[in-house]
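Below is one structure, written out as structure tokens, with a few remarks after it.
Hydrogens, waters and symmetry mates are skipped; everything else that's a heavy atom, side chains included, is used.
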Amino acid sequence: MSDNIEDFNYKEVMDYCLDPLIVHSQQKILFINKAAEKFLQGSKEEVIGASPLDIFKDSSKPAITNIILEAYSKPAAVIEETVFRMDGSSVEVELYCHPIKLGKTKAIQTYVKDITERKQQEKIQFEMNIQINELASKIVHFLDGIAILPLSGAINQERAIKLLELVPVNVQEQEVTHLIIDCSGIYEMDSLVIDSLFRITNVLNLLGVTCILTGVRPLLAVEAVKHGISVKDIITYSSVKDALSFLGVNCT
């Protein structure tokens with residue numbers, strides 16, 4: 001048995017790698033591993049011999065060409081791109097190219113990483129941030145100093161934390177003295193979210209703002225008590241109308 005690294009079958013190592021790998025030189029694909037076959041939805045016979053530029057959209061080809069040329073001498077920076085599979089479907093990927101030698105031939109090995117799921121999560125996060133900002137800014141002024149914040153949808157922990165950050169700031173900027181937080185539109189929340197919601201009321205109280213919760217469903221109240229959240233200092237009413245009446249506003 002030899003311990004010489006040069007005796008390793010590098011082609012076999014590449015073939016068993018779980019990441020798609022493409023080896024190319026002079027605008028010609030020389031080798032793809034099994035993971036790349038699966039990723040590209042094409043056999044080695046279909047892919048080998050083709051140009052590595054074929055999988056990119058036309059607008060990206062000039063930049064990719066420059067990256068390939070640079071990668072003959074040094075590893076290129078990791079980039080994000082859209083590539084096309086043999087079946088015509090497109091995929092968001094992360095690409096990393098670095099130089100290798102096949103005998104005396106200079107070549108490039110390219111790692112391809114599917115980042116579709118990550119991109120979807122980033123999109124969800126971006127949309128959620130927009131929703132959070134919109135939700136926190138939905139403070140509706142009713143009368144001087146009195147405002148209503150209607151909460152709706154599913155409030156997860158992240159949204160609740162953002163509300164805790166944004167609501168006190170918005171309330172101070174708008175010179176609100178009494179804030180009614182209406183929970184009747186919330187259809188889903190967990191114990192951590194409930195805790196954050198009640199913390200908002202405590203923070204507002206410290207700022208001199210009277211906070212009133214309305215539309216608190218029985219299940220929400222039970223969960224709050226179950227998790228040891230003190231509600232004795234929190235003003236609650238079944239509806240916004242009742243809360244306004246408490247504040248001396250005649251809604252009839």
query: Can you tell me how far CZ of F246 sits from OG1 of T236, rounded to the nearest 0.5 angstrom?
result: 10.5 Å
message: Please check if the number of heavy atoms outside K38 that lie under 6.0 Å from its NZ is greater than 12.
response: no
query: Going through the checks in order, is the side chain to side chain contact (heavy atoms under 4.5 Å, CB included) test met by E80 and K119?
result: CA-CA 10 Å; E80 293 181 4; K119 284 294 183 181; 2.6 Å; yes
Closest non-hydrogen atom pair, P52 against H24: CG-ND1, 3.8 Å
query: Are I148 and V249 in one and the same hydrophobic cluster, where Ile, Leu, Val, Met, Phe, Trp and Tyr link if side-chain heavy atoms are under 4.5 Å apart?
result: yes
message: Between N66 and I64, is there a side-chain heavy-atom distance shorter than 4.5 Å?
response: no
- prompt: Is the closest side-chain heavy-atom distance between V167 and L149 below 4.5 Å?
  reply: yes
query: So, for I32 and A36, which heavy atoms are closest and what is the spacing to 0.1 Å?
result: CB-CB, 3.8 Å
field: Close side-chain approach of P75 to P99, heavy-atom, < 4.5 Å
entry: yes
- prompt: Is the closest side-chain heavy-atom distance between I29 and V23 below 4.5 Å?
  reply: no
task: Kindly give the heavy-atom pair with the smallest separation between D15 and K34, and that separation in Å.
output: OD1-N, 3.2 Å
message: Applying a strict under-4.5 Å side-chain criterion to I, L, V, M, F, W and Y, I'd like to know whether I100 and I68 cluster together.
response: no
query: Should S239 and D242 be marked as a side chain to side chain donor-acceptor pair (under 3.5 Å) after you check the CA-CA gap, both sets of side-chain angles, and the distance that decides it?
result: CA-CA 5 Å; S239 68; D242 291 341; 3.2 Å; yes
query: Sub-3.5 Å donor-acceptor pair from the side chain of E70 to the main-chain atoms of I67, do we have one?
result: no
message: With rounding to the nearest 0.5 angstrom, report the CG to CG distance, L53 to D58.
response: 10.0 Å
- line: Closest non-hydrogen atoms of C183 and L213, given as atom of the first, atom of the second and distance, are SG-CD2, 4.4 Å
- prompt: Can you find a pair of side-chain heavy atoms, one from L40 and one from I22, that are under 4.5 Å apart?
  reply: yes
- prompt: Which heavy-atom pair separates V176 from G145 by the least distance, and what is that distance?
  reply: CG1-O, 3.6 Å
message: Using every non-hydrogen atom in the two residues, find where V209 and L179 come nearest and quote the distance to one decimal.
response: CG1-N, 4.1 Å
- prompt: Going by atom types alone, do Y111 and Q109 pair a side-chain donor with an acceptor below 3.5 Å?
  reply: yes
query: In Å, rounded to the nearest 0.5 Å, how long is the span from CE of M86 to CD1 of I55?
result: 10.5 Å
- prompt: Can you tell me how far the CG atom of N205 sits from the CD1 atom of I235, to the nearest 0.5 Å?
  reply: 7.5 Å
message: If you count heavy atoms of other groups shown closer than 6.0 angstrom to CG of D144, is the number above 12?
response: no
task: Taking the side chain as every heavy atom from C-beta outward, state whether D19 and V112 have any pair of such atoms under 4.5 Å apart.
output: no
- prompt: After noting the C-alpha distance and the side-chain angles of H98 and I108, does the key distance pass the side chain to side chain contact (heavy atoms under 4.5 Å, CB included) rule?
  reply: CA-CA 6 Å; H98 67 81; I108 295 169; over 6 Å; no
Within 6.0 angstrom of E175 CD, more than 12 heavy atoms from elsewhere: no
task: Flag yes if more than 12 heavy atoms outside L18 fall under 6.0 Å of its CG atom; otherwise flag no.
output: no
message: Do I200 and F198 have side chains that approach each other closer than 4.5 Å (heavy atoms only, starting at C-beta)?
response: no
message: Centroid separation under 6.0 Å, is that true for the rings of F56 and F84?
response: no
query: Run the side chain to side chain contact (heavy atoms under 4.5 Å, CB included) check on I181 and L151 step by step: do they pass?
result: CA-CA 7 Å; I181 299 180; L151 300 181; 3.7 Å; yes
message: I need the single residue from E94, R118, E92 that forms a side chain to side chain contact (heavy atoms under 4.5 Å, CB included) with K113. Which is it?
response: E94
message: Looking at V91, is its backbone amide N or carbonyl O close enough to the side chain of R85 to form a donor-acceptor pair, meaning the two atoms are under 3.5 Å apart?
response: no
query: Going through the checks in order, is the side chain to side chain contact (heavy atoms under 4.5 Å, CB included) test met by F39 and V93?
result: CA-CA 11 Å; F39 173 76; V93 299; 3.4 Å; yes
- prompt: Do the side chains of E37 and V47 get nearer than 4.5 Å, heavy atoms only?
  reply: no
Main-chain N/O of M14 paired to N33 side chain as donor or acceptor, under 3.5 Å: yes
- prompt: In Å and rounded to the nearest 0.5 Å, what is the CG to NE2 distance from L244 to H178?
  reply: 11.5 Å
message: Using only atom types and a distance under 3.5 Å, with no angle test, would you say the side chain of S90 pairs donor to acceptor with the backbone of T82?
response: no
